[in-house]
Trainee: 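Handing you a structure now.
Letters go in sequence order (proteins before strands), and every chain restarts at 1.
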There are 2 protein chains.
Amino acid sequence: MTIPPTEIPARPVPRVAKELLKSSGFLLARVGIGFKTQALAKLEEWGFDPYDYSVLAILAEGAREAQATLADTLGLDPSRVVAVLDSLERRELVERQRDPHDRRRHVVSITASGKRQLSRLRTTMKELEDEFFAPLDAETRERLHELLLVLACHHDPRCAFKSQDPA
Amino acid sequence: MTIPPTEIPARPVPRVAKELLKSSGFLLARVGIGFKTQALAKLEEWGFDPYDYSVLAILAEGAREAQATLADTLGLDPSRVVAVLDSLERRELVERQRDPHDRRRHVVSITASGKRQLSRLRTTMKELEDEFFAPLDAETRERLHELLLVLACHHDPRCAFKSQDPA
DNA sequence: TATTGTTATACTCTATAACTATA
DNA sequence: TATAGTTATAGAGTATAACAATA
């Protein structure tokens, strides 16, 4: 039962470098990717692709969008948007119609069925968040949210809350 | 110069769905990936691959590791660790030696040159962080760091600070 | 027979660029 | 000629599994 004095223990506890744990950026990336991984796994269980939820959420708010606008919003190449919409349209969660004012354009909108699915996804994501942020109490979570929003807005103007009325 | 009243404005401001901005998990993922993207771009400017910094940081602390341990720590398949180490060894930043106690093993360690490079990378990453977190004052940054560490530890035991002394 | 590190294969993802139809 | 959407091609990245050496 004596452990032989090898140079390297057979199963040392693998640990992240302390240097990296001191880096807020590293932690931010690691935790953020951790959440995203869990979220995508959850969505996949329900038969959804990575961008489905975002697209449905955008359409539920903005009503009707051209595909190029969706591409801008999602930060995605227009050619990739096609595949996402094909998949959503096949399941009748969104609709494409020609814009009568410019027949090159497709106007995309969410269907009633799409809204119902979105509502379910919302619930699922809410549950996942409650689980993920469980170690933080409500007040702390709120504080964290504020900080993240500040950073998000600072690095991407698309995140800015702002009423769209030009009035 | 009159704007024709098309159904969809030619260039609407693309904005992220409000629903998503209300989600802490979504913000966390987005900001985290944003930082990682910037960090990788920075490292690439210096001729470094994504895992180079982590590997050097681990070796600088833990001295000598078997490749399988590195794989565990990095959450990487052993076959991928090979390529990372090949690249680092070619540049003489790390060394591989056979473990005399078990000749199947390679004992990996950082070289003097590797330590110098690590020091430069450290500085670069520090600069990037200062830039990235600029909208937050020092105290707030510290608070954010604490929260992230709590979450990181909760979801991955490898993040736990713990003295390795079995004493 | 099991384990360490390595190499080879196959698959997925995605960026790019050609293509059509409209303007 | 330029733009919106689509399709096709090629390249990078990665997971998987076979492999050689050692235990």
Trainee: Atom CG of A:L76 and atom P of C:dT16: how far apart are they, to the nearest Å?
Mentor: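 Checked: the CG to P distance equals 13 Å.
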
Trainee: Measure the distance from NE2 on A:H101 to P on C:dA21 and round it to the nearest whole Å.
Mentor: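 For the pair A:H101 NE2 and C:dA21 P, the rounded distance is 23 Å.
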
Trainee: When the distance from CG of B:D102 to P of D:dA23 is rounded to whole Å, what number comes out?
Mentor: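 Those two atoms, CG and P, are 6 Å apart.
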
Trainee: Look at the aromatic rings of B:H155 and A:F132 and report parallel, tilted or perpendicular, splitting at 30° and 60°.
Mentor: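 If you compare the ring of B:H155 with that of A:F132, the planes turn out parallel.
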
Trainee: Output every pair passing side-chain hydrogen bond (donor to acceptor under 3.5 Å, both in side chains) with a member in residues 132-142 of chain A, not counting sequence neighbours, ordered by first then second residue.
Mentor: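 Residue pairs passing side-chain hydrogen bond (donor to acceptor under 3.5 Å, both in side chains), neighbours aside: A:D130-A:R141, A:D137-A:T140.
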
Trainee: In chain order, what residues pass the side chain to side chain donor-acceptor pair (under 3.5 Å) check against B:D49, with sequence neighbours excluded?
Mentor: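 Checked B:D49 against side chain to side chain donor-acceptor pair (under 3.5 Å); zero matches.
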
Trainee: Provide, to the nearest angstrom, the distance between the CG atom belonging to A:D72 and the P atom belonging to D:dT3.
Mentor: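 Distance, rounded to whole Å: 14 Å.
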
Trainee: Measure from OH on B:Y51 to P on D:dG13 and round the result to the nearest Å.
Mentor: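 Value for this atom pair: 13 Å.
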
Trainee: Separation of B:R103 atom CZ from D:dA23 atom P, in whole Å?
Mentor: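 Roughly 7 Å, once rounded to whole Å.
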
Trainee: Tell me the interatomic distance from A:L40, atom CG, to C:dC13, atom P, rounded to whole angstroms.
Mentor: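 Spelled out: CG on A:L40 to P on C:dC13 is 11 Å.
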
Trainee: Tabulate atom names and distances for all N/O pairs under 3.5 angstrom spanning the protein and nucleotides 5-8 of chain D.
Mentor:
| from | atom 1 | to | atom 2 | distance (Å) |
| --- | --- | --- | --- | --- |
| D:dG5 | OP1 | A:Q67 | N | 2.9 |
| D:dG5 | OP1 | A:H106 | N | 3.2 |
| D:dG5 | OP1 | A:H106 | O | 3.4 |
| D:dG5 | OP2 | A:A68 | N | 2.7 |
| D:dG5 | O3' | A:H106 | ND1 | 3.2 |
| D:dT6 | OP1 | A:R96 | NH1 | 3.2 |
| D:dT6 | OP1 | A:H106 | ND1 | 3.3 |
| D:dT6 | OP2 | A:Q67 | OE1 | 3.1 |
| D:dT6 | OP2 | A:Q67 | NE2 | 2.7 |
| D:dT6 | OP2 | A:R96 | NH1 | 3.0 |

Trainee: Given atom CG of B:L70 and atom C1' of C:dT4, what is their separation to the nearest angstrom?
Mentor: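 That distance rounds to 13 Å.
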
Trainee: How would you list, by chain and number, every residue that makes a side chain to side chain contact (heavy atoms under 4.5 Å, CB included) with A:R98, sequence neighbours excluded?
Mentor: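 For A:R98, the residues satisfying side chain to side chain contact (heavy atoms under 4.5 Å, CB included) (neighbours in sequence not counted) are A:R103, A:H106.
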
Trainee: Taking side chain to side chain donor-acceptor pair (under 3.5 Å) as the definition, give me every residue that meets it alongside B:E129, ordered by chain and number, with sequence neighbours left out.
Mentor: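 Scan of B:E129 (side chain to side chain donor-acceptor pair (under 3.5 Å), adjacent residues dropped) gives A:S23.
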
Trainee: With clusters built from Ile, Leu, Val, Met, Phe, Trp and Tyr whose side-chain heavy atoms come within less than 4.5 Å, directly or transitively, what are the remaining members of the cluster of A:I33, listed by chain and number?
Mentor: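 The other cluster members (ILVMFWY side chains, heavy atoms under 4.5 Å, direct or chained) are B:I33.
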
